[in-house]
Amino acid sequence: VGPSGDLLRSTIAQHWKGPTAFDNAVRCFPRRAEFNEVEVNTCRGYLTQTLKEVVPTRVITVGAWAAYSVLGRSLAPFSVRRGYGWLHNGGAPVPVFTVLHPAAALRNRFVKRWFLDDMEWALTSPTPALPPWGSDYRLVETEEDAHAAAEELRRGRWFAFDTETFGRMFQAEFKLLCLA
């Protein structure tokens, strides 16, 4: 609604000609200054019903609460610009692109550029390749896990990787420092 909604709708109209549906992460919330996970979780059923009825081919969440409502986990939109996840809507995988909230774009001209660029990316990008959901992996969290993983690696059955980076992704200062 308001200027945020105007910016969102005009940006979508510039890059998307197909059908659109809008919904809120929190639609049943008593109007207070703040809300939290309890209200989002309580209202999630309304959004779930909308997703079932609309059967989207892509979902774009605007802001942290929208991403939390759809993906079920918190994220920091400024830290995961151009991020995406997956939603299983009736068994069909649907990409969920995460974008900054348009209200943030209205308060800062630099953030507005990010918002506009990221919305264009989310609306025009090809559907990402599906992740290898059936793959086997080992997460190393303890010293015991590390010894077991090292033994698996010695047998040549697995590979391991880690990255070290500098700066924020998709920004000019971003650098990949090490990939091991």
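The structure displayed is predicted, hence computed values, not measured ones.
The structure places OG1 of Thr61 at 6.0 Å from CG of Leu71, a figure rounded to the nearest 0.5 Å. Between Glu53 atom CD and Thr48 atom OG1 the span is 11.0 Å, to the nearest 0.5 Å. Expressed to the nearest 0.5 Å, how far CD of Glu39 lies from CZ of Arg44 amounts to 12.5 Å.
When side chains are defined from C-beta on, Val111 counts as touching Phe78, because their heavy atoms get closer than 4.5 Å. A heavy-atom distance below 4.5 Å is found between the side chains of Arg155 and Glu152. Looking only at side-chain heavy atoms (C-beta outward), Arg58 and Trp16 come within less than 4.5 Å of each other. In this structure, Val70 and Leu47 have side chains that are in contact, with non-hydrogen atoms separated by less than 4.5 Å. A 4.5 Å side-chain heavy-atom check between Thr165 and Lys175 finds every atom pair outside the cut-off. Under the 4.5 Å side-chain criterion, counting only non-hydrogen atoms from C-beta, Val62 is not in contact with Phe22.
With Thr50 contributing its side chain and Tyr46 its backbone, the two residues share a donor-acceptor pair below 3.5 Å.
Heavy-atom neighbours of Glu173 CD from other residues, nucleotides or ligands within 6.0 Å: above the threshold of 12.
The stretch residues 125-134 participates, sequence neighbours left out, in no salt bridge (Lys or Arg N to Asp or Glu O under 4.0 Å) pair at all. Residue pairs satisfying the salt bridge (Lys or Arg N to Asp or Glu O under 4.0 Å) criterion with at least one member in residues 79-98, sequence neighbours excluded, are listed as follows: Arg81-Asp118, Arg82-Asp118. Residue pairs meeting the side-chain hydrogen bond (donor to acceptor under 3.5 Å, both in side chains) criterion with at least one partner in residues 62-71, sequence neighbours excluded, are Asn41-Tyr68. Residue pairs that meet the salt bridge (Lys or Arg N to Asp or Glu O under 4.0 Å) test with at least one member in residues 7-24, sequence neighbours left out, are Asp23-Arg27.
Contact detail for Leu7 and Pro102: the closest heavy-atom pair is CD2-O, 4.0 Å. Here the shortest heavy-atom pairing between Leu106 and Ser4 reads CD1-N, 3.5 Å. Here the closest non-hydrogen pair linking Val38 and Thr42 is O-OG1, 2.7 Å. What you find for Phe115 and Leu8 is that their closest heavy atoms are CZ-CD1, 4.2 Å.
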Return all side-chain donor-acceptor pairs below 3.5 angstrom for residues 87-101, not counting sequence neighbours, or 'none' if the list is empty.
residue: Asn89; atom: ND2; partner: Leu51; partner atom: O; Å: 2.9
residue: Thr98; atom: OG1; partner: Gly83; partner atom: O; Å: 3.2
residue: His101; atom: ND1; partner: Ala103; partner atom: N; Å: 2.9

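The aromatic rings of Tyr84 and Trp121 are tilted relative to each other, their planes meeting at an angle between 30° and 60°.
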Between Gln14 and Leu116, does a side chain to side chain contact (heavy atoms under 4.5 Å, CB included) hold up when you go through it step by step?
CA-CA 10 Å; Gln14 288 176 12; Leu116 295 172; 5.7 Å; no

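The salt bridge (Lys or Arg N to Asp or Glu O under 4.0 Å) search around Asp117 returns Arg113, not counting sequence neighbours.
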